[in-house]
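For this chain, numbers begin at 1 and follow the sequence in order.
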Amino acid sequence: MRILVTGGAGFIGSEVVRTLVAAGHRVRVLDALLPAVHPSGVMPGLPGGVEAQRGDVRDAAAVERALAGVDAVCHQAAMVGLGLDLDDAPDYAGCNDFGTAVLLAAMARAGVRDLVLAGSMVVYGEGRYRCPLHGEVSPGPRRPEDLAAGRFEPPCPRCGAELAPGLVAEDAPADPRNVYAATKLAQEHLASAWARACGGRVLTLRYHNVYGPGMPRDTPYAGVASLFRSALARGEAPRVFEDGGQRRDFVHVRDVAAANLAALGVLGGRLPGSVRAYNVGSGEVRTIGELAAALAAAHGGPAPVVTGEYRLGDVRHITADSARLRAELGWRPRVAFADGMAEFAAAAPQPV
């Protein structure tokens, strides 16, 4: 197949490109090379035979050129991270939602009907919780006064009891709790409407916490693993927010790329107008504190410092149930946590 990878010069996108090329696909990349991620404005090295086009998914003409002769699209282009404040909202909505709308409209005109969408676990908000008295419940918004007092665990919204966190499946209700999360959910809705309107097929891969070599560093939008790695490279201790007990699922970027390959392999067999979402996670629950300790140990220190700081837009726990992806697409994560952390701790900074 000839596949267009939007955002194919980025952290995840470039790994998807390498995986698709290794599997024998012909790949075209469309990437805006936004300064926040690519300060040099230069397209990074990609595998031989990849056609690289500089262009923004918000530019209809650029998208139409990139779609010429394409069989399917892996839509990885997005502005990521929580952002700094609400002033970021227009940029998030513009990059993620308007850009996706432009891409989908162009795909409809070009007759390209197969889409793998890079989704995110952030659409779930707080993860799954169970109250000993009221069963499964959805916690309310985290209150600044609780966080300031060090009360980080969300209580039952009905009785205030301590809740037990669990795994989140794809049928969990959406509950986006920051602007980025809202835009990622909107992307899914736009893709669903497109599929039903033009007979397209969409598989959304809801990535959990992706890490690995090539991860952007030293930007306000970097992920927590990248922030810890940057601190260690400066000889500083990783600063762990809250009490370090936040539960996450850390999945290696090569495993995420393999999930994209698996999704492309089954798209053609889906019915026109079909949509399906899959969690992409390792299946292993880790805490932020464990992540910091593993990276520090692999790097040779210094040890993490738990600060008690917090960000109101963060959720306490969110971990994936990836059983659907394993059962329906035959995908399995291959990179063990310890091995992935050791590799990431030793990786050279990503050239930009």
Side-chain angles (χ1 to χ4, degrees), residues 1-8 12-13 16-17 19-20 23 25-32 51 53 55-78 93-121 123 170-171 174 176 182-207 256-280 324-325 328-331:
M1 285 194 293
R2 182 180 290 279
I3 301 162
L4 172 64
V5 181
T6 69
I12 297 176
V16 170
V17 168
T19 297
L20 296 180
H25 294 292
R26 293 176 296 167
V27 178
R28 179 180 295 149
V29 165
L30 178 68
D31 199 296
E51 180 187 347
Q53 296 184 10
D56 198 306
V57 290
R58 293 168 289 188
D59 181 344
V63 173
E64 288 175 359
R65 287 192 296 270
L67 285 170
V70 162
D71 301 305
V73 175
C74 276
H75 184 29
Q76 308 292 323
C95 288
N96 298 352
D97 299 338
F98 179 66
T100 297
V102 171
L103 172 67
L104 293 171
M107 289 176 67
R109 291 192 300 271
V112 181
R113 296 292 183 262
D114 288 342
L115 173 67
V116 176
L117 174 65
S120 175
M121 53 82 181
V123 301
E170 291 86 351
D171 58 359
T183 66
K184 294 305 289 184
L185 182 59
Q187 281 186 313
E188 292 196 29
H189 289 320
L190 287 166
S192 179
W194 167 83
R196 288 172 171 82
C198 70
R201 294 176 286 250
V202 182
L203 295 184
T204 297
L205 302 178
R206 292 173 178 163
Y207 303 157
V256 169
N260 278 267
L261 178 63
L264 282 165
V266 303
L267 257 180
R270 299 297 171 107
L271 292 173
S274 62
V275 296
R276 189 76 162 157
Y278 295 93
N279 287 330
V280 183
R324 177 186 289 182
L325 180 61
E328 296 185 9
L329 272 63
W331 173 89

Taking Ala118's backbone N and O only, do any of them form a donor-acceptor pair with Gln76's side chain (distance below 3.5 Å, no angle check)?
no

Would the distance check show the side chain of Arg26 and the main-chain N or O of Val70 forming a donor-acceptor pair, the cut-off being under 3.5 Å?
no

Check: Leu325 and Asn279 side chains under 4.5 Å, non-hydrogen atoms:
no

Show your reasoning for whether salt bridge (Lys or Arg N to Asp or Glu O under 4.0 Å) applies to Glu64 and Arg109.
CA-CA 9 Å; Glu64 288 175 359; Arg109 291 192 300 271; 2.7 Å; yes

So Leu190 and Phe98, do their side chains get closer than 4.5 Å, heavy atoms only?
no

Value for CG (Leu117) from OG (Ser192), rounded to nearest 0.5 Å, stands at 11.0 Å

Leu30 vs Arg65, side-chain contact (heavy atoms from CB on, under 4.5 Å): CA-CA, chis, key distance, verdict:
CA-CA 10 Å; Leu30 178 68; Arg65 287 192 296 270; over 6 Å; no

Provide the closest heavy-atom pair for Ala78 versus Asn96 in the form atom of the first, atom of the second, distance.
CA-OD1, 3.3 Å

d(Trp194 CH2, Arg113 CZ) to nearest 0.5 Å is 6.5 Å

Can you tell me how far apart NE2 (His189) and CG (Asp97) are? Round to the nearest 0.5 Å.
10.5 Å

From CA spacing to verdict: side-chain contact (heavy atoms from CB on, under 4.5 Å), Leu115, Leu104
CA-CA 9 Å; Leu115 173 67; Leu104 293 171; 3.7 Å; yes

Are side-chain N/O atoms of Glu188 and Thr204 paired as donor and acceptor at under 3.5 Å?
no

Any side-chain heavy-atom pair from Val102 and Asp56 closer than 4.5 angstrom?
no

Please test Leu267 against Leu203 for side-chain contact (heavy atoms from CB on, under 4.5 Å), starting from the C-alpha separation and ending with a verdict.
CA-CA 7 Å; Leu267 257 180; Leu203 295 184; 3.7 Å; yes

Taking side chain as C-beta onward, heavy atoms only, is Leu264 less than 4.5 Å from Leu20?
yes

Tell me if a side-chain donor or acceptor on Arg28 pairs with a main-chain N or O of Ala68 at a distance below 3.5 Å.
yes

From CG (Leu103) to CD (Gln187), nearest 0.5 Å:
9.5 Å

May I ask you to decide whether Asp71 forms a salt bridge with Arg2, counting only side-chain N to carboxylate O separations under 4.0 Å?
no

Is Arg276 reaching over with its side chain to a backbone N or O of Arg201, donor-acceptor style, under 3.5 angstrom?
no

Which distance, rounded to the nearest 0.5 Å, do you find between the OG of Ser120 and the CG of Leu205?
11.5 Å

